[in-house]
There are 2 protein chains.
Amino acid sequence: MTSYSQTTGYAIEALACLARQAPDSMLVREIAVLTEIPLPYLSKIFQRLVEAGIVESKRGYKGGVRLTRSPDEISLLEINSAAESGKSGELSEESARPGTFWQAFHQSYRDKLAAMTLADVVDYEGHHQLAMS
Amino acid sequence: MTSYSQTTGYAIEALACLARQAPDSMLVREIAVLTEIPLPYLSKIFQRLVEAGIVESKRGYKGGVRLTRSPDEISLLEINSAAESGKSGELSEESARPGTFWQAFHQSYRDKLAAMTLADVVDYEGHHQLAMS
DNA sequence: CACATTTAAGACAGCCAGGTCCACAAAGTG
DNA sequence: CACTTTGTGGACCTGGCTGTCTTAAATGTG
């Protein structure tokens, strides 16, 4: 139900790792080592990111994954939706009933995700300081 | 894991409902009807809120629940911690690894919860407009 | 073409949040 | 004291998130 799960955090970290390497491609295994995310699960996440068109993959000997766009053209909300795809909500209105305070709180959260891009994350992980309104 | 679960949303709505009635006490069943939260589950939530000292309860014929403090002295973070108590994290640092963007993002929302009180929620549910920084 | 490499796909397992149910204890009423 | 009311406490079920494992399919190399 709650769409702001750890999976989204994994996806953002992994893509930020990949963005630093852009436009070259990386192995999923390599990303797993650098980010310390379990490889089998990270593979699953990348499957969804490929399906969503955020990254493209190439199998076999010199294979790997690569961003299809510039990091500043990929919103965190888009990553969230892709990482959580195949579940109940995707881009849904969360679990909270409409008109409630909690629903509005979640919406503001969602709005911030929509306003930030992968480029912001790459910048953050260098400076270790979060600049939010 | 993710501490911004639906349970916290339920707790906030229920307490806001109770705060509008303050300082009188209400039946849990009555709150369940008004908020449309499933009664058996709401009872569970109130057990934790009582244990946390946010509300006090009286059993039997003229029983019910009542706030122990003024709404403007109850922070939403406190409600969150109480509602999620008995689980892995409670007041923990979420599931995200420290130093990551995702962890910082969650922390900023935790700070917002800490800065808001039940009185703000009561005010919101009247005006239906969320005023966040 | 044989082979190693690397992602794709799907089945499977463990755990926890959300939610229900039922028996029990307290508290007032007659 | 009998009875009704109302919260307490515990067991229990269900579904989805997290994570693993195994078998394929694709892609380059010699």
Side-chain angles (χ1 to χ4, degrees), chain A residues 1-11 13-14 18 25-33 35-52 54-66 80 82-90 92 94-97 102, chain B residues 1-11 13-14 18 25-33 35-52 54-66 80 82-90 92 94-97 102:
Chain A
M1 294 293 186
T2 318
S3 299
Y4 305 135
S5 57
Q6 177 160 316
T7 300
T8 297
Y10 282 166
E13 276 186 70
L18 185 54
S25 76
M26 290 178 78
L27 301 183
V28 174
R29 172 164 33 84
E30 194 176 352
I31 298 176
V33 170
T35 59
E36 294 179 346
I37 298 170
L39 173 58
Y41 193 51
L42 184 58
S43 298
K44 283 300 187 205
I45 296 175
F46 265 104
Q47 284 183 27
R48 300 190 203 122
L49 296 175
V50 168
E51 188 181 7
I54 296 176
V55 310
E56 59 189 7
S57 63
K58 202 164 70 171
R59 301 198 244 196
Y61 193 71
K62 286 282 188 179
V65 290
R66 184 176 47 181
N80 177 54
E84 314 280 340
S85 69
K87 305 175 184 177
S88 56
E90 297 195 24
S92 78
E94 306 303 315
S95 46
R97 260 92 38 77
W102 197 239
Chain B
M1 293 292 184
T2 317
S3 296
Y4 304 137
S5 57
Q6 177 160 314
T7 300
T8 297
Y10 282 166
E13 276 185 69
L18 186 54
S25 75
M26 289 179 78
L27 301 182
V28 174
R29 173 165 32 87
E30 193 176 354
I31 298 176
V33 169
T35 59
E36 294 178 348
I37 299 170
L39 173 59
Y41 194 51
L42 185 58
S43 298
K44 285 298 188 215
I45 297 175
F46 265 104
Q47 283 183 28
R48 301 189 201 122
L49 297 175
V50 168
E51 189 181 8
I54 296 175
V55 309
E56 58 188 8
S57 63
K58 202 165 68 172
R59 300 199 243 194
Y61 192 72
K62 286 284 189 178
V65 289
R66 183 178 46 182
N80 177 53
E84 312 282 337
S85 69
K87 304 176 183 177
S88 56
E90 298 194 22
S92 79
E94 309 300 315
S95 47
R97 261 93 38 77
W102 197 239

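Owing to the predicted nature of the structure, the values given are computational and were not obtained by experimental measurement. Numbered from 1 within each chain, the chains take letters A, B, ... in sequence-line order.
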*Asks:* Decide side-chain contact (heavy atoms from CB on, under 4.5 Å) for I37(A) and I31(A); before the verdict, give the C-alpha distance in whole Å, the side-chain angles of both, and the deciding distance to 0.1 Å.
*Replies:* CA-CA 8 Å; I37(A) 298 170; I31(A) 298 176; 5.9 Å; no

*Asks:* What's the shortest heavy-atom distance between S5(A) and W102(B), and which atoms?
*Replies:*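 Smallest interatomic distance, heavy atoms only, reads O-NE1, 3.7 Å.
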
*Asks:* Assign a letter to each nucleotide of nucleotides 20-30 of chain D from its 5' end: B, base within under 4.0 Å of a protein heavy atom; S, sugar-phosphate only; -, no contact.
*Replies:* B----BBBSS-

*Asks:* Could you work out which one of dG7(D), dG19(D), dT6(C) sits closest to the side chain of Q6(A)?
*Replies:*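 Selected nucleotide (nearest to the side chain): dG19(D).
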
*Asks:* Is S57(A) close enough to dT6(C) that one of its side-chain N or O atoms is under 4.0 Å from OP1 or OP2 there?
*Replies:* no

*Asks:* Tell me every residue that passes side chain to side chain contact (heavy atoms under 4.5 Å, CB included) with E30(B), counting only those two or more places apart in sequence or in another chain.
*Replies:* M26(B), L27(B)

*Asks:* Given side-chain contact (heavy atoms from CB on, under 4.5 Å), test F46(B) with I54(B) step by step and report yes or no.
*Replies:* CA-CA 9 Å; F46(B) 265 104; I54(B) 296 175; over 6 Å; no

*Asks:* For dA8(C), does either OP1 or OP2 sit under 4.0 Å from a side-chain N or O belonging to S43(A)?
*Replies:*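 Checking dA8(C) against S43(A), no side-chain N or O comes under 4.0 Å of OP1 or OP2.
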
*Asks:* Quiz question: going by heavy-atom distance under 3.5 Å, is there a donor-acceptor pair between the base of dA9(C) and the side chain of Q47(A)?
*Replies:*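 Result: at least one qualifying N/O pair found.
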
*Asks:* Go through DNA chain C and write down every stem, that is, every run of at least three consecutive Watson-Crick or G-U wobble pairs with distances under 3.5 Å, as range with range.
*Replies:* C:1-30 with D:1-30

*Asks:* Quick one: list whatever passes side chain to side chain contact (heavy atoms under 4.5 Å, CB included) with R59(B), sequence neighbours left out.
*Replies:*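 Side chain to side chain contact (heavy atoms under 4.5 Å, CB included) list for R59(B), sorted by chain: empty.
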
*Asks:* Mind calculating the distance between CG (L42(B)) and C1' (dC21(C)) to the nearest angstrom?
*Replies:* 16 Å

*Asks:* In this structure, how many angstroms lie between the C1' atom of dT8(D) and the CZ atom of R48(B), rounded?
*Replies:* 13 Å

*Asks:* May I have the distance from E36(A) (atom CD) to dG19(D) (atom C1'), rounded to whole angstrom?
*Replies:* 17 Å

*Asks:* Apply side-chain contact (heavy atoms from CB on, under 4.5 Å) to the pair Y10(A) and T35(A), showing each step before the final yes or no.
*Replies:* CA-CA 8 Å; Y10(A) 282 166; T35(A) 59; over 6 Å; no

*Asks:* Atom CZ of F46(A) and atom P of dG19(D): how far apart are they, to the nearest Å?
*Replies:*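 Atom CZ in F46(A) sits about 16 Å away from atom P in dG19(D).
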
*Asks:* What is the distance from CD of E56(B) to P of dA26(C), rounded to the nearest Å?
*Replies:*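 Rounded to whole Å, this separation is 18 Å.
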
*Asks:* Taking side chain to side chain contact (heavy atoms under 4.5 Å, CB included) as the definition, give me every residue that meets it alongside L39(B), ordered by chain and number, with sequence neighbours left out.
*Replies:* V28(B), R29(B), A32(B), S43(B)

*Asks:* Can you find a heavy atom in the side chain of V65(B) that is under 4.5 Å from one in the side chain of K58(B)?
*Replies:*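 Counting from C-beta outward, V65(B) and K58(B) never come under 4.5 Å.
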
*Asks:* How far does CG of L42(A) sit from CD of E36(A), to the nearest 0.5 angstrom?
*Replies:* 12.5 Å

*Asks:* Polar pairs (N or O, both sides) under 3.5 Å between protein and nucleotides 1-3 of chain D?
*Replies:*
none

*Asks:* Side chain to side chain donor-acceptor pair (under 3.5 Å) for T8(A) and E84(A)? Distances and angles first, verdict last.
*Replies:* CA-CA 7 Å; T8(A) 297; E84(A) 314 280 340; 2.5 Å; yes

*Asks:* Between atom CD1 in I37(B) and atom P in dT20(C), what is the gap in whole Å?
*Replies:* 12 Å

*Asks:* My understanding is that only residues two or more places apart in sequence, or in another chain, count here; which of them pass side chain to side chain contact (heavy atoms under 4.5 Å, CB included) with S25(A)?
*Replies:* R66(A)

